[in-house]
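These notes concern the structure reproduced below.
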Protein chains: 2
Amino acid sequence: MFRSLDAQALSAILAAGTVRGLPAGRVIFAQGDDGLTCHSLLEGRVKIVQARPDGNQSVIRFIGPGEMYGTVAALMGKPFPADAVAVVDSVEVYWTVATMRQLMARYPEVAMGSAASAGARLFEMQDRVGEMAGEKVEQRIARTLMRLVQQAGRKTPDGIEIDFPITRQELAEMAGSTLHTVSRTLAAWDDRGITGSARRRIIVRKLDALVDLAEPA
Amino acid sequence: MFRSLDAQALSAILAAGTVRGLPAGRVIFAQGDDGLTCHSLLEGRVKIVQARPDGNQSVIRFIGPGEMYGTVAALMGKPFPADAVAVVDSVEVYWTVATMRQLMARYPEVAMGSAASAGARLFEMQDRVGEMAGEKVEQRIARTLMRLVQQAGRKTPDGIEIDFPITRQELAEMAGSTLHTVSRTLAAWDDRGITGSARRRIIVRKLDALVDLAEPA
DNA sequence: CGCGATATTGACAACGCTCAACTCACGTGG
DNA sequence: CCACGTGAGTTGAGCGTTGTCAATATCGCG
């Protein structure tokens, strides 16, 4: 989202905020907190998690380097609707809302960029609502994996690997299922050579097969 | 979203677009069409429906008077991600993207307003993803009804009525279920005096009971 | 008046969740 | 260096919720 800015503007923008390291597991902001800061990830991986009244939680999305988070809530003056947690050691910049508003006024690209990213996420969420509505669990897991591949896939000689550690539990919370079903499903896919999974690591070996699984009959 | 504009600006904005009537059932734009127009509803009710590959469809949301639709896709230069269909005879204004951009430049309130509404919808969709992930059907139907009450509730001596005709099929497509289950559920609620439903009409008699149903044990 | 759209209801099957027991990998501390 | 504990993953059995199939009832509109 900062791609269209020249180096000078970029460093000015960075200088206006605060850069800090985040150890794995660190809670960056919590659901219900007043949205007073805008964040952008420089390095690592952050998950956005929504706690539900019944005690379960659902992973809304993973944030990668270059992406913004917490920004929409902050700009709207609303409380954060979810937690943000670093899943690996990471580095982020954050700004106060006031600063972000000034930056947006001074560099319209920043405003444009975050509007575009909010729009893209809106579409993604609408798609997900549609998917969760009618599809079977296996298809939802397949789609979830496909999204992860797109957002965090790293090519290896063996296939495409999700480039951060993810548990079956988390995958289940994204797909709207349980870690048991995810475990069984992945085991079956591993047997068929579609994926290769180990402790907190997943490799997709046959992306086309995964696409087939996502599209029903 | 036009609330903060004075009368003069408002009529200029209206004059820049085209006003037209929409008979019930009319398709305003279709999923996959290039997003070349921005729309706002003046009167009536429009549903946004996403067709899924398996042939089923899911109702993303209902649009009421004063709300914009199709705008995010148009501004991003993307195809519309869903159909828009008038559910009752309605009246809308629409603008070309180019015109909308000029209006946004001239009246920043317009830009602000649509950003805010996009943000609100993003939150709503995130909530829905969370809900669909773990909740049981009855809870999802309850939440769906609550949303409809908020968006299109009209007070009557008997309770709060959804002010446009809605089928059980549509309710099912919003809640991610089947019309059969919705029918059974509504029948049970009717018996308990929580709702009163008739052909294409739903009245909520005990909103608090509905809220209880939405929150699991 | 008749047909299509909408809704109701029952029987049945199955998908996937819940509960439960167990294995395995890894890191930590004695 | 090994024992232990904890977090992650696997696997099995049983059952409930909910979708599928099917038949019928009702309402409205043309």
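A, B, ... follow the sequence lines: proteins, then strands. Residue 1 opens every chain.
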task = Give the ring-plane orientation class for B:His39 versus B:Phe29, where under 30° counts as parallel, over 60° as perpendicular and anything between as tilted.
result = tilted
request  = Determine the interplanar angle of the A:Phe164 and A:Phe62 rings, folded into 0 to 90°, and report it as parallel if under 30°, tilted if 30 to 60°, perpendicular if over 60°.
outcome  =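 Aromatic pair A:Phe164/A:Phe62 classed tilted.
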Give a yes or no on whether a salt bridge exists between [X] and [Y], defined as a side-chain N under 4.0 angstrom from a carboxylate O.
{"X": "B:Glu135", "Y": "B:Arg128", "result": "no"}
{"X": "A:Lys155", "Y": "A:Glu161", "result": "no"}
{"X": "A:Asp89", "Y": "A:Arg26", "result": "no"}
{"X": "A:Arg143", "Y": "A:Asp127", "result": "no"}
{"X": "B:Glu131", "Y": "B:Lys136", "result": "no"}

To the nearest Å, how far apart are [X] [atom1] and [N] [atom2]?
{"X": "A:Glu138", "N": "C:dC17", "atom1": "CD", "atom2": "C1'", "result": "16 Å"}
{"X": "A:Arg184", "N": "C:dC22", "atom1": "CZ", "atom2": "C1'", "result": "13 Å"}
{"X": "A:Leu179", "N": "C:dC24", "atom1": "CG", "atom2": "C1'", "result": "15 Å"}

Under 3.5 Å, which protein N or O atoms sit close to an N or O of nucleotides 3-6 of chain C? Give each pair with its distance.
from  : atom 1 : to       : atom 2 : distance (Å)
C:dA5 : N3     : B:Arg199 : NH2    : 3.1
C:dT6 : O4'    : B:Arg199 : NH2    : 3.2

Pairwise 5' ranking along DNA chain D for A:Leu186 and A:Lys136, keeping only the more 5' one =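 Closer to the 5' end of DNA chain D: A:Leu186.
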key: A:Arg154, A:Arg201, A:Arg200, A:Arg45 screened by salt bridge (Lys or Arg N to Asp or Glu O under 4.0 Å) with A:Asp163, the one that passes   = A:Arg45
ask   = Any side-chain N or O of A:Thr181 under 4.0 Å from OP1/OP2 of C:dC17?
value =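 A:Thr181 to C:dC17 OP1/OP2: side-chain N or O found under 4.0 Å.
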query = How would you list, by chain and number, every residue that makes a salt bridge (charged side-chain N to carboxylate O under 4.0 Å, His left out) with B:Arg52, sequence neighbours excluded?
reply =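 For B:Arg52 the salt bridge (charged side-chain N to carboxylate O under 4.0 Å, His left out) partners, ignoring immediate neighbours, are B:Asp54.
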task = For A:Ser197, report the nucleic acid contact type (base, sugar-phosphate, nothing); a contact means any heavy atom under 4.0 Å.
result =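 Contact class for A:Ser197: none.
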Per B:Ala187 side chain, nearest of listed nucleotides C:dC17, C:dT9, C:dG16 =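 Side chain of B:Ala187 sits closest to C:dT9.
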Of the listed nucleotides C:dT9, C:dG16, C:dT18, the one nearest the side chain of A:His180 =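 For the A:His180 side chain, the nearest candidate turns out to be C:dT18.
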key: chain A contact limits on DNA chain D, taken 5' to 3' with a cut-off of 4.0 angstrom to heavy atoms   = D:dG7 to D:dA13
